[in-house]
Amino acid sequence: MTDFLLELRSEEIPARMQEKAREDLARLFAAELDKAGLKAAEVVSYATPRRLALILKGLPEQTAAVSEETKGPRVGAPPQALEGFLRKTGLTADQLVERDGVLFAVVDKPGRATAEVLAAAIPAVIRAFPWPKSMRWGADSLSTESLRWVRPLQGIVALFGSEVVPCEIAGVTSGAATVGHRFHHPGTITIGSADDYVEKLRACHVIVDGAERRNIIALGAKMAAQKAGLTLVEDEGLLYENAGLTEWPMPLLGRFDEAFLAVPPEVIQLTARVNQKYFVCRDAAGKLANAFVCVANIDAADGGEKIVAGNQKVLAARLSDARFFYETDLKVPLAAQAGKLEKIVFHEKLGTVADKVERVAKLARWLVESGVIQSSPERGGGPSASADGGRGLPQAASSAEPPLHHQPAAGGPPPRAGEDLADLAERAARLAKADLVTGMVGEFPELQGLMGGYYAAAQGEDPAVAAAIRDHYKPVGQGDDVPTDPVTVAVALADKLDTLFAFFDINELPTGSKDPFALRRAALASIRLILDNGLALVTDAPITHWLGQEDAGAELSNEDVARRKLLTTVLDFFLDRLTVQLRERGVRHDIVEASRRWNARDDGRLDRVTARALALQAFVGTEDGANLLAGYKRAANILKKEEWEAGAVNPAPEPAEAALAAALDAAEPKATAAIEAEQFEDAMAALAILRAPIDAFFDQVTVNDADPVKRAARLGLLARMRDAVHKVADFAKIEG
């Protein structure tokens, strides 16, 4: 068995493309080998800024011999058919094989040299490579048939064992020569085989394994921070990016002027991260420190002093720009900034961002005035209870450290009266989008909302207003915190509901594969706001308010009637998203179906649907629940077959009938009271006492008795049992 090495060397490959390219190289080459019947014992691939490499271990010297069989005409077929088949296969009649009266051409093909297969596979893989972006170069680029590659291809190393696999593509010929580090070892290196590839390049200051480079950066950056008495803010995204920018990574600690710490820490972190690819650090108190870690691509003779000095100078310029934006934005009141939203189109059918703000402000006030959102001693009236105190910066999900945050305002006033709360909610909604026109958000769109919170606090707005502006986009994503402060909840929910209502109103609905306006995300975020804050919100009510159709006696135009479709379509959309969310929590689909939109009182109450589904899933998982379900289904099937709806007479019952009637007398009021109190677990427990009586009823009583009076009474008793169960949930939709 022999190993194969392929290196494709080019100008710098963007860091974001390297990992995918490494995987694509292995996948495409494996597919080419599979066509020839070859399979490597192990496939290893590497990526650096200047090269993609692949090592296939344990390949045979040649492919296995194969026997190809072609079906021909039947014995006794016309001579013309036989002659045509012989011409096609190149065989003579005596070389054909007969089986069951049919002639076959069987051709044994010897194995091919593996080197030949590899030589053909290299150009095929290169030409088929799925780069997200690629380019042509040189004189040949005038032709559309010329090679496309991510950056100009400069060299190919192709070795099967110690022998060069000859191939040529776009004027680049394969060989055994490559180059080392651009500065430390720019000269030519001759590779002997796959065995010495990694170590020869390491000796020339190139670490080909991306995972190894990431480990070097992670450990080196952490140690550099610790040496300075600081803690590194870990960032996996930055780890991959810096590993994709360096072949010989050297983490170095630098400093910036403490005066820049007057700028919000999120701005500093984002400036360092996005513009310069730097890690930031915390001090012993957990606050942002005036330090950063950059990653050099050389082992400098002076220990990196000049590199650090240069990076400090560049970062200082970036931070000066950020401070300029921040200070300039602070000079303009948010209310004045909000006036500029009239010039920004939200959607051609929905008007400007200012129009959206107006709708959101009215809806936020209504959510408070209608009693859906109320102040509470537990929540207080101040900033959101989220622990981090801000939206933070986007980071990789596996980042071990949370982003840095600065509290725009501390503390908060005591619980407020409803009218005051409504004023604050409306005020926050009218200012929530104002930072979209600021210089800072123009430079860093990721900071929208967060910067508005800083500006509001600095300009003397109520702390609850500042917190609501800061957090009104929350929750963003499944792992994000859900706001709990009443003002923030009002604005956040109103913003998301308006987005849903508006786009549904103009029939811009998501499809199976497309959701350009992120309506599913808005619905899921709304559901979390409603459920996590225990909001008793009937979905129809805010829609009716949003449509301006709250006057029940008003005569509706045809257009108004058509727009009322929102009452059904939005609720169905919410319930579908709720079903998905509950399924992720382990609740079965049929249990949700049995719990959703069950009666007029519950219509649109997502909290009740959720509580009912959770209680129902727990109940049917018990022995009592499973047996009651079986008894219910048996009763429902009998009633359906008999087309019996209601109406029972009361003759002297059998003991089993009396027992079931007594159990119903006890269970029905308890279940009804529990449902009224929204205690669904208690309602299920009340039904559980029906399990034994219904079992005994079916064991001891003949429902379809010859006596029509007895038959009617027994069917009526089953109908009563069915209806009692139906008050809790639609057991007919439960599987099993």
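Throughout, numbering of the chain's residues begins at 1 and tracks the sequence. In this text the structure is predicted, and so the values were computed from the model without any measurement.
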- Message: Run the side-chain contact (heavy atoms from CB on, under 4.5 Å) test on Leu524 and Phe574 for me, step by step, so that the C-alpha distance in whole Å, both residues' side-chain angles and the decisive distance to 0.1 Å come before the verdict.
- Response: CA-CA 8 Å; Leu524 286 171; Phe574 267 121; over 6 Å; no

In terms of side-chain geometry, is the basic nitrogen of [X] or [Y] positioned less than 4.0 Å from the acidic oxygen of its partner?
X: Arg151; Y: Glu12; value: no
X: Glu23; Y: Lys20; value: no
X: Asp495; Y: Lys356; value: yes
X: Glu327; Y: Lys331; value: no

Determine yes or no for a side-chain-to-main-chain donor-acceptor pair under 3.5 angstrom, with [X] supplying the side chain and [Y] the backbone.
X: Arg427; Y: Glu461; result: no
X: Asp532; Y: Leu529; result: no
X: Arg213; Y: Ala243; result: yes
X: Glu426; Y: Arg365; result: no
X: Asp435; Y: Gly449; result: yes
X: Asp321; Y: Phe325; result: no
X: Asp329; Y: Met440; result: yes
X: Asn533; Y: Pro483; result: yes
X: Arg318; Y: Thr271; result: no
X: Gln374; Y: Val368; result: no

Separation between [atom1] of [X] and [atom2] of [Y], rounded to the nearest 0.5 Å:
X: Lys496; Y: Lys474; atom1: NZ; atom2: NZ; answer: 10.0 Å
X: Glu11; Y: Trp149; atom1: CD; atom2: CH2; answer: 14.0 Å
X: Leu230; Y: Lys222; atom1: CG; atom2: NZ; answer: 14.0 Å
X: Phe503; Y: Asp498; atom1: CZ; atom2: CG; answer: 9.0 Å
X: Asp462; Y: Asp423; atom1: CG; atom2: CG; answer: 11.0 Å
X: Cys294; Y: Lys277; atom1: SG; atom2: NZ; answer: 14.0 Å

- Query: Stepwise, does the side chain to side chain donor-acceptor pair (under 3.5 Å) test hold for Tyr455 with Gln337?
  - Reply: CA-CA 11 Å; Tyr455 298 146; Gln337 300 280 28; over 6 Å; no

Decide yes or no for [X] and [Y]: does some side-chain heavy atom of the first lie under 4.5 Å from some side-chain heavy atom of the second?
X: Val267; Y: Leu447; answer: yes
X: Val360; Y: Leu497; answer: no
X: Cys281; Y: Val233; answer: no
X: Ser10; Y: Arg50; answer: no
X: Val308; Y: Leu253; answer: no
X: Asp607; Y: Leu535; answer: no
X: Pro49; Y: Glu247; answer: yes
X: Asn297; Y: Met250; answer: no

- Message: Side chains of Glu19 and Tyr240: any donor to acceptor distance under 3.5 Å?
- Response: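 Short answer, no.
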
Exercise: identify the closest heavy-atom pair between [X] and [Y]:
X: Gly244; Y: Gln18; result: O-NE2, 2.6 Å
X: Ala15; Y: Glu241; result: CB-O, 3.7 Å
X: Ala525; Y: Pro475; result: CB-O, 3.6 Å
X: Ile373; Y: Ala490; result: CD1-CA, 3.3 Å
X: Pro130; Y: Asp24; result: CG-OD2, 3.4 Å

- Item | Ring geometry between Phe501 and Trp546 (parallel below 30°, tilted from 30 to 60°, perpendicular above 60°) |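 The arrangement is perpendicular - the two ring planes meet at more than 60°.
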
- Using the six-membered ring wherever Trp is involved, compare the ring planes of Phe292 and Phe256 and label them parallel, tilted or perpendicular (cut-offs 30° and 60°).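 Geometry flag for Phe256 against Phe292: parallel rings.
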
- Item | Reference residue Leu252; test side-chain contact (heavy atoms from CB on, under 4.5 Å); the match among Ile307, Val293, Val295 |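 The residue from Ile307, Val293, Val295 that satisfies side-chain contact (heavy atoms from CB on, under 4.5 Å) with Leu252 turns out to be Ile307.
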
[atom1]/[X]: more than 12 non-hydrogen atoms of other groups inside 6.0 Å:
X: Met135; atom1: CE; result: yes
X: Arg136; atom1: CZ; result: yes
X: Lys362; atom1: NZ; result: no
X: Glu258; atom1: CD; result: no
X: Gln478; atom1: CD; result: no

- Message: For a side-chain contact (heavy atoms from CB on, under 4.5 Å) check, start with the C-alpha distance between Val437 and Ile344, then their side-chain angles and the critical distance, and finish with the verdict.
- Response: CA-CA 9 Å; Val437 296; Ile344 303 176; 3.5 Å; yes

- Evaluate the criterion side-chain contact (heavy atoms from CB on, under 4.5 Å) for residue pair Tyr278 and Asn311; output intermediate values, then yes/no. CA-CA 10 Å; Tyr278 299 159; Asn311 281 279; 2.3 Å; yes

- Between Phe573 and Arg577, is there a cation-pi geometry (under 6.0 Å to ring centre, at most 45° from the normal)?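 Arg577 over Phe573 ring: yes.
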
- Message: Would Arg273 and Phe279 count as a cation-pi pair here, with the cationic atom under 6.0 angstrom from the ring centre and within 45° of the axis?
- Response: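 Judged by the rule, Arg273 and Phe279 form no cation-pi pair.
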
- Check the pair Thr352 / Asp355 against side chain to side chain donor-acceptor pair (under 3.5 Å), numbers first and verdict last. CA-CA 5 Å; Thr352 65; Asp355 295 326; 3.2 Å; yes

- Please find out if less than 6.0 Å separates the ring center of His181 from that of Trp248.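 Not close enough - the centres of the two rings lie 6.0 Å or further apart.
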
- Report the C-alpha distance between Leu578 and Thr610 in whole Å, list the side-chain angles of each, state the deciding distance to 0.1 Å, and finish with yes or no for side-chain contact (heavy atoms from CB on, under 4.5 Å). CA-CA 8 Å; Leu578 179 62; Thr610 301; 3.5 Å; yes

